[in-house]
Colleague: 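Sharing a structure below in structure tokens format, with a few things to ask.
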Amino acid sequence: MEENTAAKNNLIKKYGFSAADFEQIEAHGILLDKIESELLLFQSGIPKIYLEKPATIHDGLHQFSLAEFQQKAHFFDKKKATLKLKKFVPASGAASRMFKFLSEFLLDFNPKQETINAYINRKKDKNLPTFLAGLEKFPFYEAVKTKVKALVPNYYDLESHEKSYYFIKTMLDADHFDFANKPKAALAFHKYKTHIATPVEEHLNECAFYAASNAVSYLHFTASDHHENLLQTIIDDVKQKVENTSKTKVHVKYSHQDKSTDTIAVDMKNKPFRNENGQLVFRPGGHGALINNLNALDADIIFIKNIDNVIQNHIEETTLYKKALAGILLTMQEQIFEILNTIDQQKTDENAVLAILEFMKQQLNIDVTDAIYKYTYDNKIEFIKDKLNRPIRVCGMVKNEGEPGGGPFWVRSYKGNVSLQIVESTQVDSHNFEQAQILAKATHFNPVDLVCATKNYKSKKFDLTAFIDHSTGFIVHKNNKGKDLKGYELPGLWNGAMAKWITIFVEVPLITFNPVKTVNDLLKPAHQPQHEN
């Protein structure tokens, strides 16, 4: 209460907050000291992450043969009957970025003044020709074309470019398909002989394949509250079919990003940003806010995968590597739990401690400096317990094929500790030549392919919020009705939100990574029907 009073007084004195502001904040469920700390962050800035080196094969990144992956998957299959498994899928994002180049086309194109080819040449647009060339291969093609024919009386008299224009317009029109404003989870992704499948259906299928034990599977979607009914309608339509085919009962639950994790926006002078009504503006805190949703789950093993990373073909291969990652996690977890139980039973000696430290260095890539070997026996034990009694994540990593963005790196903290982290390019000081060089040398890319264990060796759930590195958030530049503003995004779910977990990176094949970032990605082989020879 004293902290809240002090924060309130500071917000009044420094930023001129009014009674109406505090009412708005209370209605949003946000703590005052949280707002005060965020405002201070905008003024001080967020320090960039310091990269030590990329994580590479045999230096932070494990590599296994196919036979070893099969053995790890078999180990998981043997153990899973005693485990409660869950699959966690962040699914709250709208599909606006998927259709960004098409939305821009509709805004800037006048079919009465130019042809689509003229527009493509004028804008040097490389995406639109790909979209038009593959039009008939999209899973939504027939549905949209049928609607266009019904809407445009003289459809058959139109020129080819005019038909394409009306096709795109109908796809994105709010009164018709409204694809750009729908959640990715609900879009048509894959065309099968008998039906069209959405990512929701594909995740249900995957869940039954690798996240099931005792013929029961648990799937958890994080969804926007205004999208939940739409997702539930899809699930009601396909769930029985998936269960009959897989002979697995699939339980589906949802959670929403808590409004209390929203963050305050500021203007370019770092003063609280206000809208046209004089009210404070709050923005969603990014996917890092979902650590609270993950924290609420009760499971022994949690699989995490993005909503758009689904596959039409090769589900057996995807299943193999997901199970293998879980097998690797269980193998490491058993060894960690045995160490911690042995310590509790006071059955360790100096020789055992040295072997444990070596295991931590070699198998878990934990920073064990030379100074630690000079600690007293009791201090070594405390160090071991502190480093090993943490949540565990095994992260699949694919070879870097020129993808921008996050990857596995060795990172040095301001305290001098070195740890394995998933780092986004925006977290690195691109103006620092040395840091930019290290970033460019990344050999692998983060596909968001995680298997997590969030219980300790006494089967108690960890409080995941205790393992966040709060210094690793993001300041982003946005716009509100023509006015520039800055927003703060929380440490990313698989970045700073898991920074203090035990982290194991494993190379997995590129075939496991098939995201749909733009609509044209649906034309790639992984999202197209396989043709019989």
Side-chain angles (χ1 to χ4, degrees), residues 24-42 46 49 86-97 183-185 220-228 231 253-266 273 280-299 302-308 391 393 395 405-406 421-424 426-427 446 448 450 452 454 461-478 480 485-501:
Q24 183 187 353
I25 293 165
E26 186 177 354
H28 222 88
I30 302 176
L31 297 175
L32 296 183
D33 53 358
K34 176 177 175 289
I35 289 176
E36 184 184 21
S37 66
E38 286 169 6
L39 290 170
L40 288 172
L41 266 178
F42 284 116
I46 296 175
I49 276 183
K86 280 192 179 176
K87 184 177 178 186
F88 181 81
V89 181
S92 49
S96 51
R97 288 185 187 177
K184 271 189 185 182
H220 188 101
F221 289 110
T222 65
S224 300
D225 49 6
H226 55 286
H227 288 153
E228 185 179 320
L231 300 193
K253 287 195 174 180
Y254 308 91
S255 62
H256 309 302
Q257 195 162 312
D258 193 337
K259 294 292 285 182
S260 68
T261 63
D262 287 0
T263 59
I264 194 165
V266 298
F273 186 93
L280 298 169
V281 170
F282 295 97
R283 301 182 67 259
H287 61 68
L290 299 180
I291 195 68
N292 295 293
N293 305 62
L294 189 64
N295 202 26
L297 299 188
D298 182 21
I302 301 171
F303 296 88
I304 300 180
K305 197 175 184 186
N306 271 345
I307 188 65
D308 64 345
R393 59 174 178 163
C395 312
Q421 302 292 340
I422 297 171
V423 178
E424 303 293 330
T426 52
Q427 294 178 275
N446 163 41
V448 188
L450 283 72
C452 305
T454 57
K461 281 171 58 181
F462 285 107
D463 175 11
L464 302 183
T465 62
F467 299 91
I468 300 171
D469 181 352
H470 293 281
S471 70
T472 57
F474 305 83
I475 291 176
V476 293
H477 291 259
K478 297 291 181 179
N480 182 287
L485 61 79
K486 290 193 282 188
Y488 171 65
E489 292 192 1
L490 301 168
L493 180 58
W494 38 85
N495 310 109
M498 296 181 177
K500 298 176 184 178
W501 291 35

Colleague: Between T263 and P284, which heavy-atom pair has the shortest distance, and what is it?
Modeller: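 Taking every non-hydrogen atom into account, OG1-O, 4.5 Å.
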Colleague: To the nearest 0.5 Å, what is the distance between CG on D262 and CD on Q257?
Modeller: 7.0 Å
Colleague: Which value, rounded to the nearest 0.5 Å, describes the distance between E38 atom CD and F282 atom CZ?
Modeller: 8.5 Å
Colleague: Return a table of donor-acceptor pairs under 3.5 angstrom between the side chains of residues 289-298 and protein atoms on other chains or two or more places apart.
Modeller:
from : atom 1 : to   : atom 2 : distance (Å)
N292 : ND2    : A289 : O      : 3.2
N293 : ND2    : S255 : OG     : 2.8
N293 : ND2    : H256 : O      : 3.0
N295 : OD1    : L464 : N      : 2.9
N295 : ND2    : D463 : OD1    : 3.2
D298 : OD1    : K455 : NZ     : 3.0

Colleague: Could you check F474 against Q427 for side-chain contact (heavy atoms from CB on, under 4.5 Å), going step by step and ending with a plain yes or no?
Modeller: CA-CA 7 Å; F474 305 83; Q427 294 178 275; 3.4 Å; yes
Colleague: Return the CZ to NZ distance between R97 and K184, rounded to the nearest 0.5 Å.
Modeller: 8.5 Å
Colleague: For side-chain contact (heavy atoms from CB on, under 4.5 Å), just list the numbers for L450 and M498, CA-CA rounded to whole Å, side-chain angles, deciding distance to a tenth of an Å, and then say yes or no.
Modeller: CA-CA 11 Å; L450 283 72; M498 296 181 177; 3.7 Å; yes
Colleague: Counting N and O atoms only, with roles assigned by atom type, does the side chain of Q421 sit under 3.5 Å from a partner on the main chain of A499, one being a donor and the other an acceptor?
Modeller: yes
Colleague: Could you state the interatomic distance from CD1 (I35) to CD1 (I25), rounded to the nearest 0.5 Å?
Modeller: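 Spacing of CD1 (I35) from CD1 (I25) equals 3.5 Å.
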Colleague: Can you check whether F467 reaches T454 side chain to side chain, under 4.5 Å on heavy atoms?
Modeller: no
Colleague: With sequence neighbours left out, what residues match D225 under side chain to side chain donor-acceptor pair (under 3.5 Å)?
Modeller: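 With sequence neighbours excluded, D225 shows a side chain to side chain donor-acceptor pair (under 3.5 Å) to no residue whatsoever.
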Colleague: Looking at N306 and D308, would you say the former's side chain and the latter's main chain have a donor-acceptor pair under 3.5 Å?
Modeller: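 It does not hold such a pair.
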Colleague: What are the two closest non-hydrogen atoms of C395 and I422, and how far apart are they?
Modeller: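 Heavy atoms of C395 and I422 come nearest at SG-CD1, 4.1 Å.
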Colleague: State whether the side chain of Q24 and the backbone N or O of L280 hold a donor-acceptor pair below 3.5 Å, judged by distance alone.
Modeller: yes
Colleague: Rounded to the nearest 0.5 Å, how far apart are CG of L32 and OG of S37?
Modeller: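 With rounding to 0.5 Å, CG (L32) is 11.0 Å from OG (S37).
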Colleague: Can you measure from CZ (F462) to CH2 (W501) and round to the nearest 0.5 angstrom?
Modeller: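 It comes to 9.5 Å.
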Colleague: In a table with atom names and distances, give each donor-acceptor pair under 3.5 Å that connects a side chain of residues 86-94 to protein atoms at least two apart or in another chain.
Modeller:
from : atom 1 : to   : atom 2 : distance (Å)
K87  : NZ     : H203 : ND1    : 2.8
K87  : NZ     : E206 : OE1    : 3.3
K87  : NZ     : Y210 : OH     : 3.2

Colleague: Nearest heavy-atom pair of F221 and I307: which atoms, and what distance?
Modeller: CE2-CD1, 4.0 Å
Colleague: Quick one, L41 with I475, criterion side-chain contact (heavy atoms from CB on, under 4.5 Å). Give me CA distance, side-chain angles, the key distance, then yes/no.
Modeller: CA-CA 9 Å; L41 266 178; I475 291 176; 5.5 Å; no
Colleague: Go through it in stages, so that I can follow the logic: the residues are V476 and R283, the test is side-chain contact (heavy atoms from CB on, under 4.5 Å), and I'd like the CA-CA distance, side-chain angles, deciding distance and then a yes or no.
Modeller: CA-CA 11 Å; V476 293; R283 301 182 67 259; 3.8 Å; yes
Colleague: Looking only at heavy atoms, which two atoms of I302 and A299 are closest? And how far apart?
Modeller: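 Where I302 meets A299 most closely, the heavy atoms are CG1-CB, 3.8 Å.
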Colleague: Please find the pair of heavy atoms, one from H470 and one from T465, that lie closest to each other, and give the distance.
Modeller: NE2-O, 4.3 Å
Colleague: Relative to the ring of W494, is the ring of H287 parallel (under 30°), tilted (30 to 60°) or perpendicular (over 60°)?
Modeller: parallel
Colleague: So which heavy atom on E424 is nearest to which on N495, and how close?
Modeller: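 Minimum heavy-atom separation between E424 and N495: OE2-ND2, 3.4 Å.
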